[in-house]
Amino acid sequence: MRLATWNVNSIAARLPRLLEWLEQTAPHVVCLQETKIADALFPRAEIEALGYEVAPHGLGQWNGVAVLSRVGLEGVTAGLPGAPPTTPPEARALGARCAGVRVWSVYVPNGREVGHPQYVYKLDWLRALHAVLAAELESERELVVCGDFNVAPTDADVWDPEAFATSTHITVPERQALAELRALGLEDVVPRPLKYDRPFTYWDYRAGNFHKNLGMRIDLVYATAEVAAAVTDAYVDRDARKGKGPSDHAPVVVDLRDPAPPGGLLPSGAASGEGG
DNA sequence: ATGCCTTATTTCATAAGA
């Protein structure tokens, strides 16, 4: 199964590129962020025409997430229970079950500035995410949380930590929030870069930052051990950041071995012909 | 060439992104 996550920065603006990318990349499940569109206006027909079921969660022109799947889409839950209330309300999370895997698409608040009310909101939101995932992980074995976390997990995930010394995205409390998610049993599925040494997923539109590779790794895939063990490849599709009218984020693509056959794992020593 | 920002709405200007 091929799983992907992509902050498209407006699905209306990105639709031609998204459709082209879906046809070329052929993911089975796609988590989208910053769709920036109300559900009633979501370009459902164009995406369904490519064989996907669509679960959007958008409340207006800002934020917005979605899950696309061509391997089943059940148990959709829009929104993050326990998230801090906002005016107007914000659509930043959606969960669904696709081919037996519980999949979350999340768009963590930016935070704006350290100490800003938006920064407090960001940390509160991450706490709410932690609580929801902790509850689900009591019964879910195959779960993956994909999205724009707006946090660079380590200094190596920022092109220049000095440039962010007083900024959000790298502070101890933000990184601690990620560490607490990992402490639930979630593993950071680090993709390989297709060029250069680090798997950045975001480059500012300004000043030719993409072309200078001045990026950040803030789009993450956090997976349970069962899912992480099935990963055969993971990469940042930086080609999608090139050309005319790109998002400022690149997709992260993760390939997983086919799930175990119905009835569970084969008995130890009885496996044959596996490894495909 | 990958090529120096783009999205949105309160639109010919401004706020926000990270």
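Heavy-atom basis, side chains included; hydrogens, waters and symmetry copies ignored. In what follows, chains are A, B, ... by sequence order, proteins preceding strands, each numbered from 1.
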Think [X] has a side-chain N or O under 4.0 angstrom from the OP1 or OP2 of [N]?
X         : N       : result
Ser10(A)  : dA8(B)  : yes
Arg14(A)  : dT7(B)  : yes
Asn110(A) : dA18(B) : yes
Arg112(A) : dA18(B) : no
Tyr202(A) : dT6(B)  : no
Gln61(A)  : dA8(B)  : no

When the [atom1] atoms of [N] and [M] are considered, how many whole Å apart are they?
N       : M       : atom1 : value
dT11(B) : dC5(B)  : P     : 25 Å
dA18(B) : dA8(B)  : P     : 14 Å
dT10(B) : dA16(B) : C1'   : 14 Å

Under 4.0 Å between any heavy atoms, over every strand shown, what does [X] touch: base, sugar-phosphate, or nothing? Just pick one.
X         : result
Asn213(A) : nothing
Phe200(A) : nothing
Asn150(A) : sugar-phosphate
Gly245(A) : nothing
Phe210(A) : base

Result for side chain to side chain contact (heavy atoms under 4.5 Å, CB included) between Tyr107(A) and one of Glu90(A), Glu34(A), His57(A) points to Glu34(A)
Between atom [atom1] in [X] and atom [atom2] in [N], what is the gap in whole Å?
X         : N       : atom1 : atom2 : result
Asn209(A) : dA18(B) : CG    : P     : 14 Å
Arg241(A) : dC5(B)  : CZ    : P     : 11 Å
Glu113(A) : dA18(B) : CD    : C1'   : 12 Å
Asn63(A)  : dT9(B)  : CG    : P     : 13 Å
Asn7(A)   : dG17(B) : CG    : C1'   : 10 Å
Glu34(A)  : dG17(B) : CD    : P     : 9 Å
Asn9(A)   : dA8(B)  : CG    : P     : 8 Å
His116(A) : dG17(B) : NE2   : P     : 9 Å

Relative to the 5' end of DNA chain B, which residue comes earlier, Asp204(A) or Lys244(A), by the nucleotide with the nearest heavy atom?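 Its nearest nucleotide being more 5', the pick is Lys244(A).
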With nearest nucleotides of DNA chain B determined for Ile218(A) and Ala13(A) from heavy-atom distances, which residue corresponds to the more 5′ nucleotide?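 Whichever sits nearer the 5' end wins; that is Ala13(A).
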What distance separates [X] [atom1] from [Y] [atom2], expressed to the nearest 0.5 Å?
X        : Y        : atom1 : atom2 : result
Leu22(A) : Trp6(A)  : CG    : CH2   : 8.0 Å
Thr35(A) : Leu41(A) : OG1   : CG    : 11.0 Å
Arg97(A) : Glu74(A) : CZ    : CD    : 8.0 Å

By nearest atom, which of the nucleotides [options] is closest to the [X] side chain?
X         : options                 : value
His249(A) : dT7(B), dA18(B), dT9(B) : dA18(B)
Tyr205(A) : dA18(B), dT6(B), dA8(B) : dT6(B)
His211(A) : dG3(B), dA8(B), dA18(B) : dG3(B)

Less than 4.5 Å apart, any side-chain heavy atom of Asp124(A) and any of Leu126(A)? no
Are the side chains of Arg2(A) and Val253(A) in touch, meaning some heavy atoms are under 4.5 Å apart?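 With C-beta onward as the side chain, the pair touches.
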In this structure, which one of Arg217(A), Arg182(A), Arg175(A) forms a salt bridge (Lys or Arg N to Asp or Glu O under 4.0 Å) with Asp188(A)? Arg217(A)
